[in-house]
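Here is the naming used below: chain letters follow the sequence lines, and residue numbers restart at 1 for every chain.
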Amino acid sequence: MLNVEGENKLYMNNVTIISSEKNWLEQNAVNQLNQISNLPGVVRAIGLPDLHPGKTPVGAAIITEGIIYPHLVGNDIGCGMSMFMTEIEKRKVKVDRLIKTLERIGNLKEIALPETGDENLSLSLLGERPSPLGASLGTIGGGNHFAELQEVETIFAEEKFRSLGFDKNQIMLLIHSGSRGYGQTILDESIRVYSAQNGLSQSSEAAKEYLSKHNDAVNWASLSRDLIAYRILKAFGVSPQTTKLIDCCHNSVSVKESDSKLLYIHRKGASPADQGAVIIPGSRGSLTYLVMPKDNTEISGYSLAHGAGRKWERSMCRSRLENKYTKESIKSTKLKGRVVCNDTNLLFEEAAEAYKNIDTVIQSLIDFELINVIATFKPILTYKA
DNA sequence: ATGTCC
């Protein structure tokens, strides 16, 4: 896609779209990004190749100076992807048994959380968590959130793969979850008390308070992913002392110093490209990519895609797929993966067909010289609460 | 997205 001059101009001068020709993008999302690029303080707005429309566009990095916009991060502050290596050996995994276990437990809440003080887990927040929210800590949530067992498909950079701690013989557990109701209350309050939809001046009390609570939510969400992994592995009867290899948050605002300027990078469905290796899953029916960002990702707002990006609206999925699948047959993917989910609507909404092709999204990142691919993984069991 | 909204 090119920046077309004149009447047919597709996007504004301070908007960058990271997308190659083959990668389809919804014009609606680009329009949303154009709008945001005109907000006071916005220096640049970047659309990643998984850009799609939302309340504010998803798959976007918005760089501001002097002002913070909580609504550009959204309600699910701290949402992200964590990948754990499990004790389960690839050649020994018994998927049918694991499915039965997940169906039997029904709800992760039934599995006790570890005690505070367990030095193997980062549980410092456990003792001081806000009490109304304690119940949702360590639960997956809805929408596109999931827990997924994956096996290594292809290794492209053997040495890097091993140096990150990966072992091709072990099953990985990928958790996509966020801050549940906690982030929501933080966003709501910033809007109710400080009219944050108009932005918060960086020097204001409001901005300091938002950033402080935002950081709590980022930590809370990361811990919650740890605890989801803990509970699932405990249910499986294997060691729940996980080895976390990747933890990348795709909804947050982070401060970056560039040419002695203080930039606020708002990421909404955008992975950081300046914090080490990144995991970018496709749908449950396609591969997950482990990638290493290259050194200079300034062009993409120091950000990468966070997934494949939706292709279909949720409301369209069931009617479009009802003739193709039954509510049982949709629980198997074309990569021979299996799905445990007791919400039939959600099964259709999160079908592989509802998402764009991850390979094309990744190719856009390669074309813009943003990443090297380290390895791919194949989903073998997707669990949605 | 949400112990979400009907």
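- Remark: A:Lys168 is not positioned above the aromatic ring of A:Phe161, lacking an NZ or CZ atom under 6.0 angstrom from the ring centre and at most 45 degrees off the axis.
- The phosphate of B:dA1 (OP1 or OP2) has a side-chain N or O of A:Arg314 nearer than 4.0 angstrom.
- Contact annotation for A:Gly141: backbone-only contact, meaning every heavy-atom pair under 4.0 Å involves sugar-phosphate atoms and none involves a base.
- Spacing between atom CG of A:Leu346 and atom C1' of B:dT4 amounts to 14 Å, rounded to whole angstrom units.
- Straight-line distance from the CZ atom of A:Phe146 to the C1' atom of B:dA1: 15 Å, rounded to whole Å.
- Between A:His176 and A:His145, the two ring planes are perpendicular [angle over 60°; tilted spans 30° to 60°].
- Summarising the geometry, the separation between CD on A:Glu349 and C1' on B:dT2 is reported as 14 Å, rounded to the nearest angstrom.
- Following rounding to the nearest Å, A:Glu350 (CD) and B:dA1 (C1') show an atom-to-atom distance of 11 Å.
- Within 4.0 Å (heavy atoms only), A:Gly74 reaches no atom of the nucleic acid at all.
- Surrounding CZ of A:Arg320 are more than 12 heavy atoms belonging to other residues, nucleotides or ligands, all under 6.0 Å away.
- Neither OP1 nor OP2 of B:dA1 sits under 4.0 Å from any side-chain N or O of A:Arg180.
- Whole-Å rounding puts the A:His71 NE2 to B:dA1 P distance at 18 Å.
- Here A:Gly142 lies in heavy-atom contact (under 4.0 Å) with sugar-phosphate atoms only.
- Scored by the salt bridge (Lys or Arg N to Asp or Glu O under 4.0 Å) test, A:Lys334 finds no partners at all (sequence neighbours excluded).
- The base of B:dA1 is not paired with the side chain of A:Asp76 by any donor and acceptor separated by under 3.5 Å.
- Among the atoms of the strands shown, none is found under 4.0 Å from any heavy atom of A:Asn251.
- Counting to the nearest Å, the P atom of B:dC5 and the CG atom of A:Asn345 are 18 Å from each other.
- Note: OH (A:Tyr182) to C1' (B:dG3) measures 17 Å, nearest angstrom.
- Classification of the A:Tyr69-A:His71 ring pair by plane angle, with boundaries at 30° and 60°, yields perpendicular.
- Between the C1' atom of B:dT2 and the CD1 atom of A:Ile191 lies a distance of 14 Å, rounded to the nearest Å.
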